[in-house]
Amino acid sequence: MANSSSVPSTPLLKDELDIVIPTIRNLDFLEMWRPFFEPYHLIIVQDGDPSKTIKVPEGFDYELHNRNDINRILGPRASCISFKDSACRCFGFMLSKKKYIYTIDDDCFVAKDPSGKDINALEQHIKNLLSPSTPLFFNTLYDPYREGADFVRGYPFSMRDGVPTAVSHGLWLNIPDYDAPTQLVKPRERNTRYVDAVMTIPKGTLFPMCGMNLAFDRELIGPAMYFGLMGDGQPIGRYDDMWAGWCTKVITDHLGLGVKTGLPYIWHSKASNPFVNLKKEYKGIFWQEDIIPFFQNATLPKDCTTVQKCYIELSKQVKEKLGKIDPYFDKLADAMVTWIEAWDELNPPSGVAAEVANGPAKGK
C-alpha cells in the first residue's frame, strides 16, 4: 500500500532555503557541490582573523561575514557568538530570513551511494523536512513516509499523521565524527557502511547532534539552534553542535516536533588532530556525565509555547543546576539569553527584519 503522505517529487525550495558555511579558508570545496548548491543563497561565516581574504568560486550567490560584521551587527550582544570555533555558524542562522537552513563544513564533499551515483545531500534533507516525523511510536520499518515503506502492523492509526519535522540530521562516510579518545585508539578507522535508512529519534531520547551535515526548519526551531559559547576564551570546544542538539531535542519534544537522522551521507574528507581535539574536549568529557542527565530530566512548563520561551526557561535551569558544576555554565546561561535577545532583534515577530547598514561582502 503506497503511503499517501509520501513526497512524490522533491521541490528545490531555492527561495526558501539558505546554506550556512563556517570557514577559515578558501571555499574551493564548493566546486564539487556546484550542481547542487548553485541555485541557493550561501551565508558564509568567516571565523578567525577578519583581515584574511576568503575566496569563493565564481557563480555562487553569497554573503560573507567576518568578526567585524558580527560586532557591527550585534553590538554588545556579539559576545554570544563564539570565536575560533565552528560554533560561529549560528550567526548565519540568525541572519537568514528563509524558512529552512542547511549547514555544512568546508571539509565535506559529495559522497557516492553504493551504485556509484553522486548523492544530492540537500535533496534528501528537504525530503526529510517536508515529511512528518514519528517520535511518539517507533516504526520498525524506519521512516514510514519514504517510497516503498509504510507503517507496520500494530502501529496505532491515530498516530499515523505524525508531527512536523524540525531537524534533519545527516551522516558521513569516510572520517567518522569521533571524540578525541576514540580518534586516538582508532586512528585509521573509516566509515564505509552506507545504510539506506532514515528514522525518527523517539521522544525522550537525546542524541549527539553533528553540525557538519545538518538541516532544520528555521521557523519551527531556529532560536534553539544556538551553538553555545565555545573556542577562544572559553574552557571548552567541539561541544557546540551537541549543546544545540540537546537543547533542541528537549524543546522539540515539548512542542510536539520531530527530529530525523540517517540519510543523507556526505564524504567527510579530513580528520582533525586528536591531540588538539583532546585539549578542546577534555572538560566536556567530564562535564557531559552531568550535562546529559540534566537534559534527560529537564521539563518545560505548559506556558512555554514558543521556542524562545522554552529556551529562556532552559537557560534558567542551566544556571540553577549546571552552574554548580563550573562558573562557565553561568556564563553560558547568560549567553543563551543574549542569543535570544539578538535573535528577536534581527527577527522581530512582525517578520520585518531590522535594517543592517553597510552590508556584507556579496557575490554572484
Side-chain angles (χ1 to χ4, degrees), residues 20-25 45-50 52 65-94 103 105-106 177-181 183 208-212 214 223-248 250 272-292 294-295 311-312 314-343:
V20 175
I21 306 167
T23 192
I24 57 170
R25 58 181 65 87
V45 184
Q46 177 181 343
D47 196 16
D49 183 0
K52 182 179 177 181
H65 298 272
N66 60 32
R67 192 72 203 186
N68 293 337
D69 298 313
I70 295 171
N71 291 336
R72 174 178 54 79
I73 293 168
L74 296 186
R77 295 192 178 108
S79 61
C80 72
I81 305 298
S82 299
F83 184 57
K84 294 188 177 177
D85 192 282
S86 65
C88 68
R89 80 178 78 220
C90 62
F91 178 68
F93 306 162
M94 181 189 290
T103 186
D105 286 0
D106 61 12
D177 185 31
Y178 284 161
D179 53 38
Q183 279 184 297
M209 189 173 82
C210 173
M212 76 171 90
L214 179 73
M225 281 289 178
Y226 175 48
F227 278 47
L229 271 183
M230 305 278 157
D232 196 51
Q234 308 304 331
I236 186 175
R238 285 173 54 83
Y239 273 83
D240 52 328
D241 42 9
M242 287 182 281
W243 180 264
W246 295 327
C247 291
T248 294
V250 169
S272 48
N273 186 309
F275 296 101
V276 173
N277 290 347
L278 186 59
K279 188 176 179 181
K280 294 177 180 178
E281 290 175 0
Y282 79 97
K283 286 198 172 184
I285 290 168
F286 290 106
W287 288 345
Q288 71 184 15
E289 301 307 317
D290 291 304
I291 295 171
I292 292 171
F294 162 76
F295 280 110
Y311 205 71
I312 294 296
L314 260 185
S315 74
K316 294 174 184 175
Q317 296 183 25
V318 167
K319 179 165 282 196
E320 178 190 349
K321 296 181 180 177
L322 295 182
K324 299 171 184 175
I325 300 171
D326 191 276
Y328 164 74
F329 290 100
D330 289 327
K331 189 176 180 183
L332 176 56
D334 291 339
M336 292 168 71
V337 175
T338 302
W339 161 262
I340 293 296
E341 291 171 351
W343 182 283

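Fair warning: this is a prediction, and the values are worked out from it, not measured in the lab.
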Legend entry - Partner set under side chain to side chain donor-acceptor pair (under 3.5 Å) for Asp241, not counting sequence neighbours: none

Inset, instruction - Would you name the heavy atoms of Cys247 and Met336 that are closest together and state the gap between them? - result: SG-CE, 4.3 Å

Legend entry - Least distance between heavy atoms, Cys88 atom then Ser82 atom: CB-O, 3.7 Å

Legend entry - Spatial distance of atom CD (Glu320) from atom OG (Ser315) [nearest 0.5 Å]: 11.5 Å

Legend entry - Pair Val45-Thr23, side-chain contact (heavy atoms from CB on, under 4.5 Å): steps then yes or no: CA-CA 6 Å; Val45 184; Thr23 192; over 6 Å; no

Inset, instruction - Assert yes or no for the condition that the ring centre distance of Phe294 to Trp287 is strictly below 6.0 Å. - result: no

Legend entry - Any donor-acceptor pair under 3.5 Å from Gln46 side chain to Ile24 backbone: no

Inset, instruction - Kindly give the heavy-atom pair with the smallest separation between Asp105 and Pro22, and that separation in Å. - result: OD1-CG, 4.1 Å

Inset, instruction - Decide salt bridge (Lys or Arg N to Asp or Glu O under 4.0 Å) for Asp47 and Lys84; before the verdict, give the C-alpha distance in whole Å, the side-chain angles of both, and the deciding distance to 0.1 Å. - result: CA-CA 6 Å; Asp47 196 16; Lys84 294 188 177 177; over 6 Å; no

Inset, instruction - Decide side-chain contact (heavy atoms from CB on, under 4.5 Å) for Tyr226 and Tyr311; before the verdict, give the C-alpha distance in whole Å, the side-chain angles of both, and the deciding distance to 0.1 Å. - result: CA-CA 10 Å; Tyr226 175 48; Tyr311 205 71; 3.3 Å; yes

Inset, instruction - Would you give the length of the straight line joining atom OH of Tyr239 to atom CD1 of Ile285, rounded to the nearest 0.5 angstrom? - result: 5.0 Å

Legend entry - Considering all heavy atoms, the nearest Ala335-Cys80 contact: O-CB, 3.8 Å

Inset, instruction - Spell out, as yes or no, whether a donor-acceptor pair under 3.5 Å connects the side chain of Gln183 to the backbone of Ser272. - result: yes

Inset, instruction - For Ser86 and Asp240, test the side chains for any donor-to-acceptor distance below 3.5 angstrom and give the result as yes or no. - result: yes

Inset, instruction - Quick one: pull up CD1 in Ile236 and CD in Gln288 and give me the separation to the nearest 0.5 Å. - result: 8.5 Å

Inset, instruction - For Arg77 and Thr338, test the side chains for any donor-to-acceptor distance below 3.5 angstrom and give the result as yes or no. - result: no

Inset, instruction - Test side-chain contact (heavy atoms from CB on, under 4.5 Å) on Asn277 and Arg238 and set out the steps. - result: CA-CA 8 Å; Asn277 290 347; Arg238 285 173 54 83; 3.3 Å; yes

Inset, instruction - Looking only at non-hydrogen atoms, find the nearest pair between Glu281 and Ala180 and report the distance. - result: OE1-N, 2.8 Å

Inset, instruction - Say whether, by atom type as modelled, one donor and one acceptor occur between the side chain of Thr248 and the main chain of Gly245 under 3.5 angstrom. - result: no

Inset, instruction - Please state whether the rings of Trp343 and Trp339 are parallel, tilted or perpendicular, taking 30° and 60° as the class boundaries. - result: tilted

Legend entry - Sidechain-backbone polar pair: Thr103 side chain, Val20 backbone, donor-acceptor under 3.5 Å: yes

Inset, instruction - Start with the C-alpha distance between Trp243 and Leu332, add both sets of side-chain angles, then the distance that settles side-chain contact (heavy atoms from CB on, under 4.5 Å), and finish with yes or no. - result: CA-CA 11 Å; Trp243 180 264; Leu332 176 56; 3.5 Å; yes

Legend entry - Heavy-atom donor-acceptor pair, Tyr328 side chain to Leu229 backbone, under 3.5 Å: yes

Legend entry - Main-chain N/O of Phe83 paired with Gln234 side-chain donor or acceptor, under 3.5 Å: no

Legend entry - Pairwise distance CG(Asp290) to CG(Asp326) - rounded to 0.5 angstrom: 11.0 Å

Legend entry - CZ-CD1 distance between Phe286 and Ile291, expressed to the nearest 0.5 angstrom: 13.0 Å

Inset, instruction - Search all heavy atoms of Ala342 against all heavy atoms of Leu74 and return the closest pair with its distance. - result: CB-CD2, 4.1 Å

Inset, instruction - Working to the nearest 0.5 Å, report the span between CD of Gln317 and CZ of Phe295. - result: 9.5 Å

Inset, instruction - Can you run down the salt bridge (charged side-chain N to carboxylate O under 4.0 Å, His left out) pairs that involve residues 327-339, sequence neighbours left out, and say none if there aren't any? - result: Lys319-Asp334

Inset, instruction - Could you tell me whether a side-chain N or O of Asn66 sits under 3.5 Å from a main-chain N or O of Asp69, the two making a donor and an acceptor? - result: yes

